[in-house]
Amino acid sequence: MSAAPVLVACAHGTRSAAGRAVVRALVEDVRRLRPGLDVREAFVDVQEPAVGDVVGEAAGAAGTPAGQDGVPAAVVTPLLLSTGVHVRHDIGAAVADRPAVAAEPLGPDDRLAGVLVDRLVEAGATVDDAVVLAAAGSSDPAAVVAVGAVLDALRARWPGPVTVGYGAAARPDVATAVADARATGARRVVVAAYLLAPGHFHGALAAAGADVVTAPLAPHPDLARIVLDRYDAALR
(Lines give C-alpha, C1' and ligand atoms only; values in the text may rest on other atoms or scores of the structure.)
Protein backbone atom coordinates (compact mmCIF):
# COMPACT_ATOMS: atom_id res chain seq x y z
CA MET A 1 0.00 0.00 0.00
CA SER A 2 1.48 3.34 -1.04
CA ALA A 3 1.84 6.18 1.44
CA ALA A 4 -0.72 8.95 1.47
CA PRO A 5 0.30 11.96 -0.61
CA VAL A 6 2.11 14.74 1.19
CA LEU A 7 -0.22 17.55 2.24
CA VAL A 8 1.56 20.76 1.27
CA ALA A 9 -0.08 23.44 3.41
CA CYS A 10 0.53 26.53 1.32
CA ALA A 11 0.08 29.95 2.92
CA HIS A 12 0.72 33.40 1.53
CA GLY A 13 3.61 34.24 3.85
CA THR A 14 4.03 37.27 6.10
CA ARG A 15 6.70 39.28 7.86
CA SER A 16 4.49 39.42 10.96
CA ALA A 17 5.87 37.20 13.72
CA ALA A 18 2.35 36.81 15.10
CA GLY A 19 1.05 35.87 11.65
CA ARG A 20 3.76 33.25 11.19
CA ALA A 21 2.96 31.75 14.58
CA VAL A 22 -0.74 31.51 13.75
CA VAL A 23 -0.12 29.75 10.43
CA ARG A 24 2.30 27.38 12.13
CA ALA A 25 -0.35 26.61 14.76
CA LEU A 26 -2.90 25.85 12.02
CA VAL A 27 -0.47 23.42 10.39
CA GLU A 28 0.08 21.74 13.76
CA ASP A 29 -3.70 21.43 14.19
CA VAL A 30 -3.87 19.61 10.84
CA ARG A 31 -1.12 17.23 11.97
CA ARG A 32 -2.93 16.52 15.24
CA LEU A 33 -6.17 15.73 13.46
CA ARG A 34 -4.49 13.23 11.13
CA PRO A 35 -1.49 11.64 12.81
CA GLY A 36 0.91 9.99 10.40
CA LEU A 37 0.08 12.24 7.46
CA ASP A 38 3.12 14.04 6.10
CA VAL A 39 2.15 17.74 6.35
CA ARG A 40 4.67 20.30 5.11
CA GLU A 41 4.53 24.09 5.15
CA ALA A 42 5.06 26.13 1.99
CA PHE A 43 4.53 29.72 0.88
CA VAL A 44 3.82 31.73 -2.25
CA ASP A 45 5.51 34.94 -1.10
CA VAL A 46 7.72 36.50 1.60
CA GLN A 47 8.60 33.28 3.42
CA GLU A 48 10.51 30.12 2.56
CA PRO A 49 10.25 27.35 1.54
CA ALA A 50 8.57 28.21 -1.75
CA VAL A 51 5.66 26.01 -2.73
CA GLY A 52 7.39 24.87 -5.92
CA ASP A 53 10.41 23.66 -3.97
CA VAL A 54 8.31 21.69 -1.48
CA VAL A 55 6.29 20.04 -4.24
CA GLY A 56 9.51 19.25 -6.11
CA GLU A 57 10.95 17.50 -3.06
CA ALA A 58 7.78 15.44 -2.60
CA ALA A 59 7.68 14.57 -6.30
CA GLY A 60 11.32 13.52 -6.27
CA ALA A 61 10.68 11.22 -3.34
CA ALA A 62 7.82 9.56 -5.22
CA GLY A 63 10.37 8.15 -7.63
CA THR A 64 8.29 8.09 -10.83
CA PRO A 65 6.64 10.76 -12.98
CA ALA A 66 3.22 9.43 -12.05
CA GLY A 67 3.92 9.05 -8.35
CA GLN A 68 3.34 5.69 -6.62
CA ASP A 69 0.61 3.51 -8.11
CA GLY A 70 -0.78 6.49 -9.97
CA VAL A 71 -1.43 8.38 -6.71
CA PRO A 72 -0.08 11.95 -6.66
CA ALA A 73 2.98 12.54 -4.54
CA ALA A 74 1.57 15.76 -3.11
CA VAL A 75 -1.66 17.70 -2.68
CA VAL A 76 -1.10 21.43 -2.38
CA THR A 77 -3.81 22.64 -0.04
CA PRO A 78 -4.06 26.45 0.03
CA LEU A 79 -4.20 28.12 3.42
CA LEU A 80 -5.93 30.90 1.51
CA LEU A 81 -9.54 31.97 1.82
CA SER A 82 -10.30 32.61 -1.85
CA THR A 83 -9.04 31.82 -5.30
CA GLY A 84 -6.89 34.37 -7.11
CA VAL A 85 -3.46 34.82 -8.61
CA HIS A 86 -1.68 32.83 -5.91
CA VAL A 87 -3.98 29.84 -6.32
CA ARG A 88 -4.22 29.98 -10.10
CA HIS A 89 -0.66 31.01 -10.94
CA ASP A 90 1.75 30.21 -8.10
CA ILE A 91 0.17 26.99 -6.91
CA GLY A 92 -0.86 26.05 -10.44
CA ALA A 93 2.75 26.38 -11.61
CA ALA A 94 3.99 24.36 -8.63
CA VAL A 95 1.90 21.31 -9.59
CA ALA A 96 2.16 21.61 -13.38
CA ASP A 97 3.89 18.63 -15.02
CA ARG A 98 4.47 17.01 -11.63
CA PRO A 99 2.80 14.12 -9.79
CA ALA A 100 0.88 16.64 -7.73
CA VAL A 101 -2.56 18.22 -7.60
CA ALA A 102 -3.94 21.44 -6.16
CA ALA A 103 -6.87 21.47 -3.75
CA GLU A 104 -9.46 24.21 -3.54
CA PRO A 105 -8.91 27.18 -1.20
CA LEU A 106 -10.56 27.23 2.22
CA GLY A 107 -13.44 29.44 1.16
CA PRO A 108 -16.25 29.59 0.56
CA ASP A 109 -17.42 27.29 3.34
CA ASP A 110 -20.30 27.71 5.78
CA ARG A 111 -17.96 26.80 8.62
CA LEU A 112 -15.99 30.00 7.95
CA ALA A 113 -19.17 31.95 8.69
CA GLY A 114 -19.34 30.07 11.98
CA VAL A 115 -15.78 31.10 12.81
CA LEU A 116 -16.67 34.71 11.97
CA VAL A 117 -19.62 34.52 14.36
CA ASP A 118 -17.31 33.20 17.08
CA ARG A 119 -14.94 36.13 16.52
CA LEU A 120 -17.82 38.64 16.61
CA VAL A 121 -19.10 37.21 19.89
CA GLU A 122 -15.59 37.29 21.36
CA ALA A 123 -15.30 40.96 20.35
CA GLY A 124 -18.56 41.82 22.10
CA ALA A 125 -20.58 42.58 18.96
CA THR A 126 -24.37 42.69 19.32
CA VAL A 127 -27.43 42.92 17.10
CA ASP A 128 -27.35 46.70 17.56
CA ASP A 129 -23.98 46.97 15.80
CA ALA A 130 -23.44 47.23 12.06
CA VAL A 131 -20.99 44.58 10.90
CA VAL A 132 -18.66 45.02 7.95
CA LEU A 133 -17.12 41.82 6.60
CA ALA A 134 -13.58 42.85 5.63
CA ALA A 135 -11.88 40.71 2.99
CA ALA A 136 -8.40 41.19 1.54
CA GLY A 137 -9.78 41.73 -1.96
CA SER A 138 -8.77 40.44 -5.38
CA SER A 139 -9.06 41.46 -9.01
CA ASP A 140 -10.23 37.92 -9.76
CA PRO A 141 -14.05 37.94 -10.16
CA ALA A 142 -14.23 34.41 -8.77
CA ALA A 143 -12.70 35.62 -5.51
CA VAL A 144 -15.37 38.30 -5.18
CA VAL A 145 -18.07 35.67 -5.79
CA ALA A 146 -16.49 33.46 -3.11
CA VAL A 147 -16.52 36.31 -0.58
CA GLY A 148 -20.14 36.93 -1.50
CA ALA A 149 -21.00 33.35 -0.60
CA VAL A 150 -19.40 33.76 2.82
CA LEU A 151 -21.22 37.08 3.24
CA ASP A 152 -24.54 35.33 2.57
CA ALA A 153 -23.65 32.58 5.04
CA LEU A 154 -22.73 35.12 7.72
CA ARG A 155 -25.96 37.04 7.18
CA ALA A 156 -27.87 33.79 7.68
CA ARG A 157 -26.15 33.26 11.05
CA TRP A 158 -25.82 36.81 12.41
CA PRO A 159 -29.00 38.63 13.50
CA GLY A 160 -27.78 42.17 12.78
CA PRO A 161 -26.94 43.98 9.53
CA VAL A 162 -23.83 42.80 7.63
CA THR A 163 -22.20 44.49 4.63
CA VAL A 164 -18.84 43.93 2.94
CA GLY A 165 -15.65 45.88 2.24
CA TYR A 166 -12.30 45.00 0.65
CA GLY A 167 -8.71 45.81 1.46
CA ALA A 168 -7.65 46.06 -2.18
CA ALA A 169 -8.78 45.66 -5.79
CA ALA A 170 -12.52 45.15 -5.23
CA ARG A 171 -15.05 47.78 -4.11
CA PRO A 172 -16.20 49.15 -1.78
CA ASP A 173 -13.01 49.50 0.24
CA VAL A 174 -13.27 48.83 3.95
CA ALA A 175 -13.16 52.50 5.00
CA THR A 176 -16.05 53.33 2.65
CA ALA A 177 -18.05 50.36 3.88
CA VAL A 178 -17.46 51.43 7.49
CA ALA A 179 -18.57 55.02 6.72
CA ASP A 180 -21.70 53.75 4.97
CA ALA A 181 -22.49 51.47 7.92
CA ARG A 182 -22.05 54.33 10.39
CA ALA A 183 -24.45 56.46 8.35
CA THR A 184 -27.22 53.96 9.12
CA GLY A 185 -27.22 55.12 12.75
CA ALA A 186 -26.04 51.84 14.23
CA ARG A 187 -24.77 51.85 17.80
CA ARG A 188 -21.27 50.88 16.65
CA VAL A 189 -19.53 49.60 13.55
CA VAL A 190 -17.68 46.31 13.95
CA VAL A 191 -15.29 45.03 11.31
CA ALA A 192 -15.32 41.24 11.02
CA ALA A 193 -11.87 40.40 9.70
CA TYR A 194 -12.17 37.77 6.95
CA LEU A 195 -8.44 37.16 7.14
CA LEU A 196 -6.64 34.02 8.20
CA ALA A 197 -3.88 35.50 10.36
CA PRO A 198 -2.37 38.74 11.65
CA GLY A 199 -0.31 40.67 9.14
CA HIS A 200 -0.34 43.71 6.90
CA PHE A 201 -4.01 43.60 5.94
CA HIS A 202 -5.27 42.97 9.45
CA GLY A 203 -3.12 45.79 10.80
CA ALA A 204 -4.53 48.17 8.20
CA LEU A 205 -8.10 47.55 9.40
CA ALA A 206 -7.45 49.66 12.50
CA ALA A 207 -7.33 52.74 10.25
CA ALA A 208 -10.71 52.05 8.61
CA GLY A 209 -12.69 53.98 11.25
CA ALA A 210 -14.57 51.13 12.93
CA ASP A 211 -15.21 50.96 16.65
CA VAL A 212 -14.09 47.34 16.90
CA VAL A 213 -12.04 45.02 14.70
CA THR A 214 -12.30 41.28 15.34
CA ALA A 215 -9.36 38.92 15.53
CA PRO A 216 -8.42 36.95 12.39
CA LEU A 217 -9.99 33.55 11.82
CA ALA A 218 -7.06 31.39 12.91
CA PRO A 219 -6.45 29.62 15.13
CA HIS A 220 -9.75 27.73 15.20
CA PRO A 221 -10.38 23.96 15.16
CA ASP A 222 -12.77 24.17 12.20
CA LEU A 223 -10.01 25.56 9.97
CA ALA A 224 -7.92 22.40 10.25
CA ARG A 225 -11.01 20.33 9.43
CA ILE A 226 -11.61 22.40 6.29
CA VAL A 227 -7.96 21.94 5.25
CA LEU A 228 -8.29 18.16 5.49
CA ASP A 229 -11.63 18.19 3.69
CA ARG A 230 -10.02 20.08 0.80
CA TYR A 231 -7.12 17.59 0.74
CA ASP A 232 -9.51 14.62 0.66
CA ALA A 233 -11.69 16.19 -2.02
CA ALA A 234 -8.66 16.76 -4.26
CA LEU A 235 -7.80 13.07 -4.05
CA ARG A 236 -11.34 12.04 -4.93
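Keep in mind it's a predicted model, so treat the numbers as computed, not measured.
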V164 reachable from V144 in the ILVMFWY side-chain graph, under 4.5 Å edges: yes
Taken in chain and number order and not counting sequence neighbours, the residues that satisfy side-chain contact (heavy atoms from CB on, under 4.5 Å) with L235 are P5, P72, V75, Y231
Side-chain donor/acceptor pairs under 3.5 Å, residues 192-216, sequence neighbours excluded:
from, atom 1, to, atom 2, distance (Å)
H202, NE2, T214, O, 2.9
D211, OD2, R182, NH1, 3.2
D211, OD2, R182, NH2, 3.2
D211, OD2, V189, N, 2.8
T214, OG1, A193, N, 2.9

When you compare the side chain of L116 with that of V150, does any pair of heavy atoms fall below 4.5 Å? yes
Quick one, V190 and V132 - any side-chain contact, counting heavy atoms below 4.5 Å? no
Side-chain contact test, heavy atoms from C-beta onward, threshold under 4.5 Å: evaluate it for P78 versus L106 and give yes or no. no
By salt bridge (charged side-chain N to carboxylate O under 4.0 Å, His left out), D38 pairs with (sequence neighbours left out) R40
Interatomic distance, CG@L112 vs CG@D222, rounded to 0.5 Å, equals 8.5 Å
Ignoring hydrogens and angles, write down the donor-acceptor pairs under 3.5 Å from the side chains of residues 18-30, residues two or more places apart or on other chains.
from, atom 1, to, atom 2, distance (Å)
R20, NE, T14, O, 2.6
R20, NH2, T14, O, 3.2
E28, OE2, R31, NH1, 2.6
D29, OD1, R32, NH2, 2.3

Do V95 and V101 come within less than 4.5 Å of each other through their side chains, counting heavy atoms only? no
Between A224 and L33, what is the shortest heavy-atom contact and its length? CB-CD1, 3.6 Å
Go through the steps for L7 and V76 under the test side-chain contact (heavy atoms from CB on, under 4.5 Å), then give the verdict. CA-CA 6 Å; L7 190 161; V76 181; over 6 Å; no
Any residue meeting salt bridge (charged side-chain N to carboxylate O under 4.0 Å, His left out) with D229, in chain and number order, not counting sequence neighbours: R111
Going only through I, L, V, M, F, W and Y residues with side-chain contacts under 4.5 Å, is there a path from V87 to V46? no
Side chain to side chain donor-acceptor pair (under 3.5 Å) filter on D152, not counting sequence neighbours, yields none
Could you note down all residue pairs passing side-chain hydrogen bond (donor to acceptor under 3.5 Å, both in side chains) where residues 156-175 supplies at least one of them, sequence neighbours left out? D173-T176
side-chain hydrogen bond (donor to acceptor under 3.5 Å, both in side chains) contacts in which one or both residues fall within residues 137-150, not counting sequence neighbours: R88-D140
Taking V191 as the starting point, is it possible to reach V127 by hopping between hydrophobic residues whose side chains are less than 4.5 Å apart? no
Are I91 and I226 grouped together when hydrophobic residues (ILVMFWY) are joined by side-chain heavy atoms under 4.5 angstrom apart? no
In short, A58 meets V6 closest at the heavy-atom pair CB-CG2, 4.1 Å
According to a 4.5 Å side-chain heavy-atom criterion applied to Ile, Leu, Val, Met, Phe, Trp and Tyr, with indirect links allowed, do L154 and L81 form part of one hydrophobic cluster? yes
Hey, are the side chains of R230 and D109 touching, using non-hydrogen atoms and a 4.5 Å cut-off? yes
Does any non-hydrogen side-chain atom of T77 lie less than 4.5 Å from one of C10? no
Among all residues two or more places apart in sequence or in another chain, which pass the side-chain contact (heavy atoms from CB on, under 4.5 Å) test with P49? F43, V54
Is it the case that atom CD in E104 sees more than 12 heavy atoms from other parts of the structure closer than 6.0 Å? no
Quick one: does R155's side chain have a donor or acceptor within less than 3.5 Å of a partner on P161's backbone? no
Could you tell me which residues satisfy side chain to side chain donor-acceptor pair (under 3.5 Å) with D110, sequence neighbours excluded, listed by chain and number? none
Mind checking side chain to side chain donor-acceptor pair (under 3.5 Å) for D128 and listing every partner two or more places apart, or none if nothing turns up? none
Taken in chain and number order and not counting sequence neighbours, the residues that satisfy side chain to side chain donor-acceptor pair (under 3.5 Å) with E122 are R119
